[in-house]
Protein chains: 2
Amino acid sequence: MAESKSKSNPNPADAPKAVVGRLSLYLRELQHLVRDGHETISSTRLGKILGFSDAQVRKDLAYFGQFGYPGIGYRCHELIHAIKQIFGTDRQWPVAIIGTGNLGRALVGYKGFDNQGFKIVAAFDIDPAKVGGAIEEAPIHHLDDLERIVQEKQIKLAIIAVPASAAQSVADRLGASGIDGILNFAPVTVTAPPNASMVGVDLAIEMEQLTFDVVKRSGEKK
Amino acid sequence: MAESKSKSNPNPADAPKAVVGRLSLYLRELQHLVRDGHETISSTRLGKILGFSDAQVRKDLAYFGQFGYPGIGYRCHELIHAIKQIFGTDRQWPVAIIGTGNLGRALVGYKGFDNQGFKIVAAFDIDPAKVGGAIEEAPIHHLDDLERIVQEKQIKLAIIAVPASAAQSVADRLGASGIDGILNFAPVTVTAPPNASMVGVDLAIEMEQLTFDVVKRSGEKK
DNA sequence: TAGATTGTTAATCGATTAACAATC
DNA sequence: TAGATTGTTAATCGATTAACAATC
């Protein structure tokens with residue numbers, strides 16, 4: 001019954017996936033702009049850099065609030081702060097990683113996570129030779145200790161970097177441990193546990209998207 | 001003037017990006033289905049597994065041809081073959097990787113690439129201590145030898161795994177060397193060289209997409 | 001034949017773009 | 001004030017869904 005919002009005030013939760021994806025690109029670009037000494041940026045310029053229209057930039061941001069100044073544009077620092085709040089990355093999230101093969105180890109050491117608000121605080125494996133060790137600062141625990149460590153360290157996010165065959169069962173265990181979000185690198189369709197969100201990244205699929213474009217071009221140019 | 005195609009025959013090159021993305025998911029799922037012994041699959045079942053409608057599956061595939069059998073569904077093997085042809089991954093693509101840090105090394109060893117038609121045949125770095133070595137089977141060359149090796153090994157695809165600050169200049173050099181497609185892991189906006197396609201993967205951005213969902217949910221549930 | 005399922009058309013839905021009054 | 005630029009509405013464009021004749 002507390003229905004008082006102005007009619008034309010899109011709700012952030014209604015933002016389409018595509019908009020949220022671009023929001024990340026805006027944030028990344030704004031951070032580069034600040035490093036280059038820019039105080040403000042217009043929707044036209046920001047769009048040009050990223051290959052979007054000025055209208056799209058403004059519309060996208062309008063889902064989340066009114067951040068701009070007519071005649072001026074957007075103040076970079078201010079907008080960065082606002083977007084980080086939207087993503088929840090104005091604070092640091094402790095993250096668990098499951099699987100310490102090539103990819104898992106590389107992800108633990110990936111500096112881009114730290115910079116953007118993610119800190120990998122624990123790794124898990126089932127190989128007794130690895131358990132007890134550590135990668136960078138993160139201790140490697142046995143997967144059987146997942147629930148305990150997740151509780152102790154208040155971990156809400158996890159990264160799956162195990163073979164495809166193990167991915168679903170790991171996802172289920174993560175759900176049972178109370179994890180809220182899972183980033184899945186295993187190249188397989190995994191059903192998200194109830195109450196958890198999931199994002200999948202398949203590296204071979206990204207390559208396929210590329211070859212499709214390359215093959216398409218070579219067909220046209222012939 | 002050889003304009004004889006039936007009017008309702010969508011051109012593969014017209015397929016929206018979203019459709020091509022799902023095509024990769026269909027391929028991946030079909031491969032799993034074959035491994036599980038399935039001969040055929042209906043659009044309804046395939047859609048259900050991936051969370052799409054039956055109509056969407058059929059419409060997506062229709063961009064590329066008529067692959068189904070009314071009353072039967074799609075023959076898995078046949079459809080896999082057709083999709084691989086569309087992506088050009090019915091043959092093996094030699095791939096170069098630039099940057100042999102944590103991520104670069106992990107990508108060279110990533111088995112998912114081999115399985116899907118990509119073989120990393122050369123790595124590049126500018127660190128004299130690394131040049132001359134090798135990762136798995138791939139020799140590490142100096143970046144200055146890029147053009148020569150690309151020609152010799154007929155490399156068409158490259159992966160950028162260098163720091164953000166170096167990404168654009170590496171992309172430019174790749175373009176100058178005649179590379180057709182670039183998969184960029186550096187967390188920065190990179191402009192594709194003329195005549196080359198580019199796909200970007202930003203791992204921190206994928207995590208952000210996840211936290212957005214997690215934050216959204218926690219807001220709703222309160 | 002009856003049942004299953006496709007490919008395609010038309011209807012619906014959603015996202016992007018264009019335009020402009022309001023604002024600094 | 002004149003110039004720049006926003007937020008928002010309406011118009012356009014594109015993608016998804018529903019429905020169904022055709023087919024096995």
Side-chain angles (χ1 to χ4, degrees), chain A residues 5-26 29-30 33 38-79 82-83 86, chain B residues 5-26 29-30 33 38-79 82-83 86:
Chain A
K5 286 259 174 63
S6 125
K7 154 187 23 199
S8 56
N9 199 339
N11 188 245
D14 294 342
K17 247 184 123 198
V19 171
V20 182
R22 288 192 296 267
L23 195 65
S24 275
L25 296 177
Y26 300 148
E29 199 54 49
L30 285 161
L33 286 165
H38 291 79
E39 291 279 324
T40 64
I41 182 86
S42 69
S43 57
T44 304
R45 250 164 57 64
L46 184 54
K48 204 153 277 171
I49 294 169
L50 292 168
F52 309 137
S53 72
D54 59 324
Q56 179 149 78
V57 172
R58 292 197 301 277
K59 194 108 211 285
D60 284 349
L61 294 173
Y63 272 98
F64 306 99
Q66 299 192 168
F67 305 111
Y69 300 87
I72 308 284
Y74 300 87
R75 298 200 206 284
C76 298
H77 266 114
E78 208 176 291
L79 187 51
I83 298 178
I86 292 163
Chain B
K5 286 262 173 63
S6 125
K7 153 188 23 200
S8 55
N9 199 338
N11 189 244
D14 294 343
K17 248 184 121 197
V19 171
V20 182
R22 288 192 296 266
L23 195 64
S24 276
L25 296 177
Y26 300 147
E29 199 54 48
L30 284 161
L33 286 165
H38 291 80
E39 291 280 324
T40 64
I41 182 86
S42 68
S43 56
T44 305
R45 252 167 53 68
L46 185 54
K48 205 154 275 169
I49 294 169
L50 293 167
F52 308 137
S53 72
D54 59 324
Q56 179 148 78
V57 172
R58 292 197 300 278
K59 194 109 210 286
D60 285 349
L61 294 174
Y63 272 98
F64 306 100
Q66 300 191 169
F67 305 112
Y69 300 87
I72 308 282
Y74 300 88
R75 298 200 205 285
C76 298
H77 266 113
E78 209 176 291
L79 187 52
I83 297 178
I86 292 163

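Note that this is a predicted model, so its numbers are computed, not measured. Protein chains get the first letters and strands the later ones, always in sequence-line order, with residue 1 at the start of each.
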Of the options A:L30, A:L46, A:L61, A:T40, which is the one that meets A:Y74 in a side-chain contact (heavy atoms from CB on, under 4.5 Å)?
A:L61
Nearest heavy-atom approach of A:L33 to A:C76 is CB-SG, 4.4 Å
Pairing string of DNA chain C (Watson-Crick or G-U wobble, both atom distances under 3.5 Å; | = paired to other strand) is ..||||||||||||||||||||||
Could you work out, with salt bridge (charged side-chain N to carboxylate O under 4.0 Å, His left out) as the rule, every residue matching A:R58, not counting sequence neighbours?
A:D54
Numerically ordered, the residues 42-61 of chain B set in heavy-atom contact under 4.0 Å with DNA chain C is B:S42, B:S43, B:R58, B:K59
Would you say D:dG7 has OP1 or OP2 under 4.0 Å from some side-chain N or O of A:Y74?
yes
When rounded to the nearest 0.5 Å, the distance separating CG of B:L79 from OH of B:Y26 is 10.0 Å
In whole angstroms, the gap separating P of C:dA4 from CD1 of B:I72 amounts to 12 Å
Spacing of A:R22 atom CZ and A:L50 atom CG [to the nearest 0.5 Å]:
10.5 Å
Nearest-angstrom distance from the residue atom CG of B:N11 to C1' of D:dG14:
17 Å
Check whether any side-chain heavy atom of B:Y63 sits under 4.5 Å from a side-chain heavy atom of B:L23, and report yes or no.
no
Would you kindly give the CZ-to-P distance between B:F64 and C:dG7, to the nearest whole Å?
13 Å
Which residue, A:A18 or B:Y69, contacts DNA chain C at a nucleotide closer to its 5' end, judged by nearest heavy atom?
B:Y69
Rounded to the nearest 0.5 Å, how far does CD of B:Q56 lie from CG of B:D60?
5.0 Å
Does any part of the side chain of A:I83, heavy atoms only, come nearer than 4.5 Å to the side chain of A:F64, both counted from C-beta?
no
Reported NZ-to-OG distance for the pair B:K59 and B:S43, which is rounded to 0.5 angstrom
13.5 Å
Side chain of A:Q66: nearest nucleotide among C:dT16, D:dT16, D:dG7?
D:dG7
Between P on D:dT9 and OH on A:Y63, what's the gap in Å once rounded to a whole number?
13 Å
A:R22 CZ to C:dT17 C1', straight-line distance once rounded to whole Å:
12 Å
Residue whose closest nucleotide on DNA chain C lies nearer the 5' end, A:G71 versus A:D14
A:D14
